[in-house]
Amino acid sequence: MTAIATEPITMARALNQALADALAEDERVLVFGEDVGKLGGVFRITDGLAARFGDARVFDTPLAEAGIVGTAIGMAMNGLRPVVEMQFDAFAYPAFEQITSHLAKLRNRTRGRIELPVVIRIPYGGGIGGVEHHSDSSEAYFVHTAGLRVVTPGTPADAYDLLRAAIDCPDPVIFFEPKRRYWAKSSDPLTTGTPVDRAVVRRPGADVTLIAYGPMVATALEAAGEADVDVEVIDLRSLAPFDDATVCDSVRRTGRAVVVHEAPGFLGYGAEVAARVTEQCFHYLHAPVARVTGFDIPYPPPMLEEHHLPNVDRILDAIERLQWDDTVEFPDA
Amino acid sequence: MTAIATEPITMARALNQALADALAEDERVLVFGEDVGKLGGVFRITDGLAARFGDARVFDTPLAEAGIVGTAIGMAMNGLRPVVEMQFDAFAYPAFEQITSHLAKLRNRTRGRIELPVVIRIPYGGGIGGVEHHSDSSEAYFVHTAGLRVVTPGTPADAYDLLRAAIDCPDPVIFFEPKRRYWAKSSDPLTTGTPVDRAVVRRPGADVTLIAYGPMVATALEAAGEADVDVEVIDLRSLAPFDDATVCDSVRRTGRAVVVHEAPGFLGYGAEVAARVTEQCFHYLHAPVARVTGFDIPYPPPMLEEHHLPNVDRILDAIERLQWDDTVEFPDA
Amino acid sequence: MSTVATPRQQFSRDLLPSDEPLQLIAPSGEAAPGAHLPPDDVLVDLYRRMVLGRRFDAQATALTKQGRLAVYPSSHGQEACEVGAVAALRPQDWLFPTYRDSMAIVARGVDPVDTLGLLRGDWHLGYDPYVHHVAPQCTPLATNTLHAVGLGHAARLKGEDTVALVMLGDGGTSEGDTHEALNFAGVWKAPVVFLVQNNGYAISVPLAKQNAAPSLAHKGIGYGVASMLIDGNDPAMVYAAVQSAVAAARAGEGPTLIEAITYRIEAHTNADDASRYRDQDEVLQWLARDPIDRLERYLIARGLLDASARDHVAVEAEAAASSLRERMNADPKLDPAELFEHVYAEPTAALRRQAATLSGELAQ
Amino acid sequence: MSTVATPRQQFSRDLLPSDEPLQLIAPSGEAAPGAHLPPDDVLVDLYRRMVLGRRFDAQATALTKQGRLAVYPSSHGQEACEVGAVAALRPQDWLFPTYRDSMAIVARGVDPVDTLGLLRGDWHLGYDPYVHHVAPQCTPLATNTLHAVGLGHAARLKGEDTVALVMLGDGGTSEGDTHEALNFAGVWKAPVVFLVQNNGYAISVPLAKQNAAPSLAHKGIGYGVASMLIDGNDPAMVYAAVQSAVAAARAGEGPTLIEAITYRIEAHTNADDASRYRDQDEVLQWLARDPIDRLERYLIARGLLDASARDHVAVEAEAAASSLRERMNADPKLDPAELFEHVYAEPTAALRRQAATLSGELAQ
Ligand SMILES: Cc1ncc(C[n+]2csc(CCOP(=O)(O)OP(=O)(O)O)c2C)c(N)n1
Ligand SMILES: Cc1ncc(C[n+]2csc(CCOP(=O)(O)OP(=O)(O)O)c2C)c(N)n1
Ligand SMILES: [Mg+2]
Ligand SMILES: [Mg+2]
């Protein structure tokens, strides 16, 4: 179903709309977690849902993340479609065993007999001046686990489309929400239909492929606008699985690639992007795929986070270092 | 201190010796976990230690992994040096929050005032016909976390050396033990002194660099012996941090590289190896760094694991595909 | 060491358990005067299924020695819990077993060969969970307690009359998930029965190093969950306790925590060496409290079982065992391609490429 | 709603708490006849530190409005717990506070500016944990309960006379770590005091949705941990309960779980809007049970406090507040290079390269 946005709306509002529409369309859908009821969630993503759909379908749980995910698994075994919220990135860690050993593996364990259409919403990333544990980019911890889908939207309209697709998906989906973009506005209409595992070219370009996702999509587009070469920006949307076709088609055309994310670089998601793009496009590449990432440090305190987060300048620097004059340089690893 | 092995000993015995020597030398060292006392651990790595050092220093805990790691953190805050055991790879997952949010970050959080010399021993990997949850290669989940050191030995002698170094290290160390190699024997003397963060060339070679760690070191050496090109085998030992110097020196000489591990390839450790080696050696590479890894699936049941695990043939195939004739090929991603 | 269950205790919804484990039939085989026993036909059936269960367990152990199973955790000595609990469930109820509970799964009606799928190792599970409402055997300890609570709560939301019974061990009660499950169940009044089989050990770790509470059942009050402490070697008591807990759950009275005191006669698994951590005397003492002997004495004394009936059950058990042996001796057919089929609803492009690589290798 | 603590209850090592929260001084300010109150000088000191604490809290809230703190979780209304508990600790004991407990940290003697380091955001922590034996304020709920147990157990292994007091909230009791910590403490008889400040809410979630037990203190018996339920707005009771728990821990009697009933007067943090989930009437009722007023009435009636002494404390509080205001208004000096310094004992080669990259950027 499709809702048309009359006026500009925020990503937070688009997510709220997606939940409301899913709840309205499919009575098997449930929304629960910490403070998602009366309060509407600390980011208000579930605002008004409990009042509209009732306490049986939208409710607060006791304060225990393994409990939230573990009971969601049991509910899905019994035919429901839970959409649960982890309040912040670092607070999904207590649920790691339930996610890794059960949510990801029960379908395979049971030869497909147990299907777990569970969505775990995780507000992630920094840039909001949060104190420690409130700004982690934790996608790498989940991307490596077979059986999980991991997705993250970069724009308000896609937040709606992607969340609807995640809720409709028969596989468990870790849905990462770029919290610093919750208040970003757009008047693009809210539509559905983009496949859950498809990357999208947000800006066509001929000289270099800039690969981003979640909070970095907006930063990438801004950098592309300022670059003095013609930058193609790809919004991955789906981190697992990876859309090889869309990305590699682009890189084979441009011959150069940069991947950007907030998480530390060391075995961050960019490592997989660089490795597989190189595997598939090696003879087209004029320079190694550049990674623009957070440093290999714990997330900084609020007053220092600006120094950690990838920004337009760092992206432009990386593009410049792509050996346009074909001299050898070694980017910092 | 140094013990000389008179006769061939197993990796299990070398680890036991390392624990015994550490306990004997430093009264701050403690060993605890599930079944590590009277039983000596399900793999007997702690055999005899409780009898020799007493229940106050080597003891069984209640059955709770977050509890084991969380209390180890508190003990280290109070000046002790806990060496704890997670019974199997997948059973470290309940401790994920304690490891990721505290063990890794307390030093940084406190500007270095709280030091946590904690070692977490994790028997990992497959090849022993274990049922589900007993054969995971979970290194990637920890390698991405700044503040942790992650190491894994490939030989009996190095198991002694590396575990002694890990226990002496002021930083928290995740010590992955290749359980399928517990019974591998060697008569190399047990010595200490190799830096905890140093990779070692196990076999010199001129044509291609084969990068392995843990259980795959033996497989890599076997493959090197059968290859019809001259293979240099590097045993990484330290997964975090990565020894760029040792590896890149080799790759710049050989111009070709293969990295092998049991874990699924998708954002497995090989992704970081391929990405950073390519960043630093791009113009020396004749072919993209090849990854020989487990498939992107949950670990198979015992009767099917042979199909999943990297073996000599797959390594030899990967070496062959390194474009010796410089035609373009795209390895499966 | 145990006390006779008064009717009040037997149907208790108290938050605190009795001081001593409740019992309906003493080890001697005598029923306590005035005890509310299950009907005779139920007791006879319990006896039969325990004999079948023990024979199945012995056969599985034998098959392991012959290399037909990767590993086997025996429930010898725990037959009263394995069988008594399952017998009290209705078809629409769900069983959430652990690796230890193969006997319970067979008692639930799953084919023994299918039951042993996980431990045989041709796949992670040999049966369809939805046919007999039996969840996969759970290895990560206590994690399935939360699945049981979720499934039970979902049933209530859907207006279904379903109760979930989850089994765990004394060691499993130490995991955080157990606490979260009891808490969610208490707050939601979920139709769940937690059956803790306290068999004295978590591999080598004795209860005293696991918990300092008067009993594990004393955890219930911390969650507002009704709790019972029972003699886990008394099949009548196990049946009666689970049955009343199931009835209470159906009536909307919420969850129950039952601690059943029993004993693991064999080592943790065939791979374990129990002589490293416990005396054989202890085992002998518990063999004297054997749950099958106990019920057999009772039934014989009450004239509910005679030699021929007993032989008949023994013959049935032998037949089942030899059928199991035969069928397990046939090598399972394996399809490596299946490794890629069930990871997602539809294999991803990468998985299809990897499957092709493997089949290419196998074709050579 | 509360009952006067008899001496027996006040020093109880029972595993079950009293039915009603124990109290030494009623909201009216009257002490129960025969109640075992702390010495007068202690009570006067508690009063003074609560007044200082409340003023500190108000100042921190004001600084947050002015943008000087990233966020501030107020403990207004919880002064009896924040101050009473800390006052019962000795220098060698350890305090494990949460984000909510800045007031307790100040009461422990940490400089208020250093205390606010985390919430100001120039670093994750502003003080040296070893100087006053105060662990970092813990954000991941209940995770520090295990650190307290480990530290306390280590002290016993080392033969040190140290007790660890860990604070947590009603919501935090639902996390698995709380259960594992209580269990380890019970089995190890660790010298640890668990103080649960039950302030009625976990952000917006009321206790009824958090737990179905008669009280949170009823969890103790499931671990063999002595438990007390007390009036958390009675500073004398909080002090007395923590003091007796500390004494028992020193005597090798093991851990104690104390649930203190109190109330969060402000929203969860400055960023929260409590009107979405609770009525102002409820807040007003609790304001009538104010912990400082209660002790003030008592002290005045007992002639232990007069107008001038009260003014003197008020002046001291003002002075402390304005000093805090001034010092917090100075921008902290920041050194981005420090981001790389403390990750490991020695920065790795990669971190040194990254530090160089950053300083290169900043040099431009
Ligand atoms: C989370 C987790 N940690 C550790 C293990 C390893 N393990 C398997 S069985 C076992 C002991 C379990 O004891 P108990 O709960 O009493 O059950 P029992 O085996 O006695 O039936 C352990 C430690 C596991 N399976 N899961
Ligand atoms: C593991 C974890 N999950 C979620 C959160 C987010 N969070 C911060 S405070 C809070 C409520 C805590 O309530 P309570 O324990 O009662 O303490 P109070 O804030 O009332 O002092 C939540 C859910 C967290 N900090 N840690
Ligand atoms: Mg047991
Ligand atoms: Mg609270």
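Source: prediction; values computed, not measured. We use all heavy atoms of the structure for the numbers below, so side chains are in, but hydrogens, waters and symmetry mates are not. First the proteins, then the strands, lettered A, B, ... as listed; each starts at 1.
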Applying a strict 4.5 Å limit to non-hydrogen atoms, the region of C:Ala181 in contact with chain A is neither
_Exercise: do C:Ser174 and C:Gln210 side chains pair donor with acceptor under 3.5 Å_ = yes
Only one of C:Thr98, C:Asp170, C:Asp101 passes side chain to side chain donor-acceptor pair (under 3.5 Å) with C:Gln197, and that residue is C:Asp101
When rounded to the nearest 0.5 Å, the distance separating NE2 of C:His132 from CG of C:Leu95 is 11.5 Å
When the 4.5 angstrom heavy-atom criterion is applied to C:Tyr127 and chain A, the contacting part is backbone
Bottom line for A:Ile68: the part with an atom under 4.5 Å from chain C's heavy atoms is both
Under 4.5 Å to a heavy atom of chain A? For C:Tyr344 that would be both
Honestly, the part of C:Leu118 sitting under 4.5 Å from a heavy atom of chain A is neither
- Stepwise ring-ring contact (aromatic ring centres under 6.0 Å, His included) test for A:Tyr213 and A:Phe176: CA-CA 10 Å; A:Tyr213 58 88; A:Phe176 278 105; 9.0 Å; no
Counting heavy-atom pairs under 4.5 Å with chain A, the top scorer among C:Ala154, C:Pro140, C:Gly150, C:Gly176 is C:Gly150
Whatever's closer than 4.5 Å to a heavy atom in chain A on C:Thr348 counts as side chain
When the 4.5 angstrom heavy-atom criterion is applied to C:Val187 and chain A, the contacting part is side chain
Applying a strict 4.5 Å limit to non-hydrogen atoms, the region of A:Glu27 in contact with chain C is neither
Okay, C:Ala148 and chain A: the region with an atom under 4.5 Å from a heavy atom over there is neither
Bottom line for C:Asp128: the part with an atom under 4.5 Å from chain A's heavy atoms is both
Quick check, are the ring centers of C:His179 and C:Tyr223 under 6.0 angstrom apart? yes
Turns out that what part of C:Glu341 lies under 4.5 Å from chain A's heavy atoms comes down to neither
Quiz prompt | A:Thr152 side chain to A:Glu139 side chain, donor-acceptor N/O pair below 3.5 angstrom | solution = no
When the 4.5 angstrom heavy-atom criterion is applied to A:Thr110 and chain C, the contacting part is both
Exactly one of A:Asp243, A:Asp158, A:Asp197 clears salt bridge (Lys or Arg N to Asp or Glu O under 4.0 Å) with A:Arg237, and that residue is A:Asp158
Whatever's closer than 4.5 Å to a heavy atom in chain C on A:Arg57 counts as neither
From the list A:Ala56, A:Ala64, A:Gly112, the residue making the most non-hydrogen contacts under 4.5 Å with chain C is A:Ala64
Taken to the nearest 0.5 Å, the spacing of A:Lys38 NZ from A:Asp55 CG works out to 8.5 Å
When the 4.5 angstrom heavy-atom criterion is applied to A:Ile114 and chain C, the contacting part is both
Between C:Ala135 and C:Phe96 the two heavy atoms that sit nearest each other are CB-CD2, 3.4 Å
Which word best sums up how the rings of A:Phe32 and A:Phe59 line up, parallel for under 30°, tilted for 30 to 60°, or perpendicular for over 60°?
-> parallel
Kindly assign one of parallel, tilted or perpendicular to the pair C:His133 and C:Trp94, based on the angle between their ring planes and the thresholds 30° and 60°.
parallel
When the 4.5 angstrom heavy-atom criterion is applied to A:Pro170 and chain C, the contacting part is side chain
